[in-house]
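Each chain gets a letter, A, B and so on, in the order its sequence line appears, and its residues count up from 1.
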Amino acid sequence: MRKPKSAYPYWFVLPGAVIFTVLFLAPTVASFWFAFTRWDLYSAQFIGLDNFVQFFKEPFLVQGLWNTLIYAFLTSGTKSIFGLLLAVLLTSGIWAQGFLRTVVFFPVLVSTIGIGITFAALMHPTKGLINVGLDQIGIAGPGWLTSASLALYSIAFVDLWKGVGLATLIYIAGLSAISPDYYEAARIDGATRLQQFWRVTVPLVRPATVTVLTLSLIGGLRSFDLIWAMTKGGPGFSSDVLASVVYKQYQSGFYGLSTAGNVILFVLIAIIIVPMTYLFSRREVHQ
Amino acid sequence: MTRRQLMTGLLATAIASIIFLLPFIFIFVTATKSSQEASLLNFSLPGGWHLWDNFIKVLQARNYMLLLAYLNSTIITVCAVAIMVLCGAMIGYLLQRRSSRWNKIIYAMVMVGLIVPPAVVPTIWVLQGIGLFKTIHGMILIQVAYGLPFSVLMYRNFVAAIPQDLDEAAIIDGAKPLQVFFKVILPLLKPATVTLIVVKSIAVFNDFTHPLYYLPGRENVTVQLTLYNFQSQFETQYNLLFMNILLVTIPPLIVFIFFNRQIVAGMTAGAVKG
């Protein structure tokens with residue numbers, strides 16, 4: 001008889017592994033070399049830490065780093081809060097619940113560039129629908145995308161608008177996994193609705209929270225297209241993030257510097273996401 | 001349904017309509033206006049109905065660029081998703097069925113692929129080296145490389161639900177490994193495959209960043225890139241720009257109407273178990 005193992009030959013892995021290794025893994029590994037070079041795609045000259053020194057010396061590049069962190073934590077935090085609240089609302093048996101779930105979720109599937117252009121028009125300082133609407137009730141709306149101190153937050157808002165549906169969906173799945181017995185027990189003990197939310201829902205929906213936070217943090221740290229469609233990092237460099245800096249340096253032909261930006265993004269994601277998953281998975285074991 | 005649930009529902013519907021539907025209505029209304037009207041960016045109903053006019057103008061713009069873009073995007077999406085499905089199913093199947101010290105490495109690679117942002121310029125360097133930069137083939141393979149980790153993870157979980165007795169029965173009947181995979185396993189994985197096709201088609205079709213980097217040049221334009229190109233060209237012709245947005249929004253909308261359930265399943269896959 002033939003060995004049962006041979007029914008699962010290793011070469012099944014091969015086609016995928018080759019594509020992944022050549023087009024994802026190899027460039028990622030190579031980036032750790034090219035980040036330390038002056039590079040024009042044909043010849044690379046080792047220049048040590050110069051790219052990184054330059055990166056942290058240029059105020060606008062450093063600002064890009066801060067903006068990345070602000071943007072990522074702001075969007076993932078708000079998506080998590082609003083996602084949970086919407087999920088609770090949309091599982092409470094209200095009228096038109098199914099329709100509302102659809103409406104909240106649909107923006108997730110729409111082209112980010114299309115959304116970016118649409119909101120850039122809606123946020124137009126004088127003609128945009130938002131400021132015209134605010135004008136009607138006597139408020140002079142700010143230049144949502146033209147003010148340097150506001151642009152990043154306006155884009156973060158659009159990101160929330162577009163992404164909250166996915167958070168809601170994940171929270172709805174998480175809520176449906178909580179046994180109704182807990183709520184019943186809490187009610188018998190005389191817990192108010194608010195207490196039920198804080199003492200039953202929030203702790204028991206934790207796996208969903210971890211997923212939402214992790215997914216949206218990774219997405220937020222890497223985000224590029226929405227920012228590019230709405231402001232291209234402007235006005236000035238006020239809404240630049242690491243990913244847009246990488247693109248701008250690439251466009252200007254500073255390939256080594258661009259790759260250094262990529263490596264910084266890599267390290268940033270690693271030092272945020274790895275401890276986070278470790279922490280969350282460990283705590284779950286102790287419960 | 002209590003009275004309170006009805007009232008809350010009505011209120012929520014009203015608020016959600018303003019926040020979530022208004023931007024889409026704005027896209028549609030602007031796409032039907034004349035260019036003078038559209039440049040006002042206001043929310044009034046169009047004075048004249050220019051929907052068809054604008055549609056034709058957008059199609060003809062830049063020598064039928066949008067048609068070419070639809071063709072390119074379709075080719076990329078179909079090929080990339082097909083390869084993703086096949087390679088992902090094979091790896092996920094092997095990963096679940098055969099335990100070896102390689103499994104840990106493969107899992108680590110899957111996590112790396114899900115988390116790490118691609119190193120763009122070195123990728124261009126690799127693509128140039130193998131002659132795939134600025135080619136549709138190159139773009140397809142890039143999409144496969146970036147989408148594969150999710151595909152592997154999803155198939156691994158679904159294969160776990162297929163009893164190994166089935167493979168063994170087929171093997172005893174004399175089936176070769178490939179026959180077991182294609183005739184027994186893959187048909188049983190159909191729910192996962194449908195979900196994956198739907199979710200990944202939307203992702204690849206909507207992708208903007210990677211075609212921007214790896215697929216420059218007019219003849220390789222994709223649908224998302226036309227939006228970006230038209231954004232500067234149509235600065236004064238918002239009606240055409242929004243007609244383009246409308247056209248780009250329709251494919252996901254159609255997919256969403258027909259495959260709502262699969263999308264929800266794919267998006268929340270593994271979310272609750274962590």
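If you measure heavy-atom distances from A/T21 to chain B, you find no contacts under 4.5 Å at all. When heavy atoms are compared at a cutoff of 4.5 Å, B/L95 does not approach chain A at all. With a 4.5 angstrom heavy-atom cutoff, B/L94 touches chain A only via side-chain atoms. Contact annotation for A/L169: both backbone and side-chain heavy atoms come within less than 4.5 Å of a heavy atom of chain B. At a 4.5 Å heavy-atom cutoff, the contact between A/I113 and chain B is made by backbone and side-chain atoms alike. B/I142 touches chain A through backbone and side chain together, each having a heavy atom under 4.5 Å away. Residue B/L86 does not touch chain A at all, counting heavy-atom pairs closer than 4.5 Å. When heavy atoms are compared at a cutoff of 4.5 Å, A/S92 approaches chain B solely by way of its backbone atoms N, CA, C and O. When heavy atoms are compared at a cutoff of 4.5 Å, B/L114 approaches chain A solely by way of its backbone atoms N, CA, C and O. For A/V13, the parts sitting under 4.5 Å from any heavy atom of chain B are the backbone and the side chain alike. Only the side chain of B/I106 has a heavy atom closer than 4.5 Å to any heavy atom of chain A. Heavy atoms of A/Y171 lying under 4.5 Å from chain B are absent altogether. Residue contact with chain A, scored on non-hydrogen atoms closer than 4.5 Å, involves the side chain of B/P149 exclusively. Heavy-atom distances place the side chain of A/K232, and not its backbone, under 4.5 Å from chain B. With a threshold of 4.5 angstrom between heavy atoms, A/L25 approaches chain B through side-chain atoms but not through N, CA, C or O. Interface remark: B/V126 contributes side-chain atoms only to the contact with chain A (heavy atom separation under 4.5 Å). For a residue to count as touching a neighbouring chain, one of its non-hydrogen atoms must lie under 4.5 Å from one of that chain's; by this rule A/W39 touches chain B with the side chain only. Looking at A/A121, the atoms closer than 4.5 Å to chain B (heavy atoms on both sides) sit in the backbone and in the side chain alike. For a residue to count as touching a neighbouring chain, one of its non-hydrogen atoms must lie under 4.5 Å from one of that chain's; by this rule B/V112 touches chain A with backbone and side chain alike. Only the side chain of B/I202 comes within contact range of chain A, judged by heavy atoms closer than 4.5 Å. Contacts between B/F20 and chain A at a heavy-atom distance below 4.5 Å involve backbone atoms as well as side-chain atoms. A/V18 does not touch chain B: none of its heavy atoms, backbone or side chain, sits under 4.5 Å away. For a residue to count as touching a neighbouring chain, one of its non-hydrogen atoms must lie under 4.5 Å from one of that chain's; by this rule A/A243 touches chain B with the backbone only. Residue B/M109 touches chain A through both its backbone and its side chain, counting heavy-atom pairs closer than 4.5 Å. Neither the backbone nor the side chain of A/V274 comes within less than 4.5 Å of any heavy atom of chain B.
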Pair A/T112-B/N206, side-chain contact (heavy atoms from CB on, under 4.5 Å): steps then yes or no: CA-CA 7 Å; A/T112 311; B/N206 278 343; 5.9 Å; no

CA sep, side-chain torsions, deciding dist, call: A/W228, B/Y228, side-chain hydrogen bond (donor to acceptor under 3.5 Å, both in side chains): CA-CA 9 Å; A/W228 200 248; B/Y228 178 63; 2.8 Å; yes

Pair B/W125-A/F34, ring-ring contact (aromatic ring centres under 6.0 Å, His included): steps then yes or no: CA-CA 11 Å; B/W125 174 70; A/F34 288 122; 4.7 Å; yes

B/F230 and A/I117: CA distance, side-chain angles, deciding distance, side-chain contact (heavy atoms from CB on, under 4.5 Å) verdict: CA-CA 11 Å; B/F230 287 164; A/I117 296 172; over 6 Å; no

Audit row: A/T118, B/F24, side-chain contact (heavy atoms from CB on, under 4.5 Å) steps and yes/no: CA-CA 9 Å; A/T118 306; B/F24 290 108; over 6 Å; no

Test side-chain contact (heavy atoms from CB on, under 4.5 Å) applied to B/T8 and A/L89, step by step: CA-CA 9 Å; B/T8 321; A/L89 180 72; 3.8 Å; yes

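Scanning both residues, B/A16 and A/L100, for their nearest heavy atoms gives CB-CD2, 3.6 Å. Closest of all the heavy-atom pairs between B/I91 and A/A17 is CD1-N, 4.2 Å. Shown here for B/A119 and A/T28, the closest heavy-atom pair between the two residues is CB-CA, 4.2 Å. Between B/Q224 and A/S111, the closest heavy-atom pair is OE1-OG, 2.7 Å. Residue A/L23 comes nearest to B/T123 through the heavy atom pair O-CG2, 3.9 Å, listed as atom of the first residue, atom of the second, then distance. Across every non-hydrogen atom of A/L41 and B/Q128, the tightest pair is CD1-OE1, 3.8 Å.
Interface check for chain A: of the options B/P252, B/P251, B/A203, B/A145, the most heavy-atom pairs under 4.5 Å are formed by B/A145.
Contact annotation: the side chain of A/F224 never approaches that of B/P117 to less than 4.5 Å [non-hydrogen atoms, C-beta and beyond]. Contact check for B/S100 versus A/Y10: side-chain heavy atoms found under the 4.5 Å cut-off. Side-chain contact between A/N262 and B/V121 is absent, with no heavy atoms from C-beta onward closer than 4.5 Å. In this structure, A/R222 and B/P118 have side chains that are in contact, with non-hydrogen atoms separated by less than 4.5 Å. Side-chain contact between A/V246 and B/V120 is present, with heavy atoms from C-beta onward closer than 4.5 Å. You'll find the side chain of A/Y247 reaches within 4.5 Å of the side chain of B/L212, heavy atoms only. Contact of the A/F20 side chain with the B/C87 side chain is not registered, since no non-hydrogen atoms from C-beta on lie closer than 4.5 Å.
One distance of note links OH of A/Y8 with OG of B/S99; it measures 11.0 Å at 0.5 Å rounding. Taking OG1 of A/T259 as the reference point, atom CD1 of B/I124 lies at 9.0 Å (rounded to 0.5 Å). For the atom pair CH2 of A/W95 and OG1 of B/T2, the computed distance is 14.0 Å after rounding to the nearest 0.5 Å. Here A/L109 contributes atom CG and B/I263 contributes atom CD1; the two are 5.0 Å apart, rounded to the nearest 0.5 Å. With rounding to the nearest 0.5 angstrom, the CG atom of A/L122 is 8.0 Å from the OG1 atom of B/T30. Atom CG of A/D225 is separated from atom CG of B/L227 by 11.5 Å, given to the nearest 0.5 angstrom.
A/F12 does not carry B/R98 over the face of its six-membered ring by the limits of under 6.0 Å from the centre and within 45° of the normal.
Listed by chain and number, the residues in a side-chain contact (heavy atoms from CB on, under 4.5 Å) with A/F32 are A/V263, A/F266 (sequence neighbours excluded).
Aromatic ring orientation, B/Y213 versus A/Y250: tilted (interplanar angle from 30° to 60°). Between B/F256 and A/F105, the angle of the ring planes lies from 30° to 60°, which puts this pair in the tilted group.
Looking only at distances, no side-chain donor or acceptor of B/R4 sits under 3.5 Å from a matching main-chain atom of A/I94.
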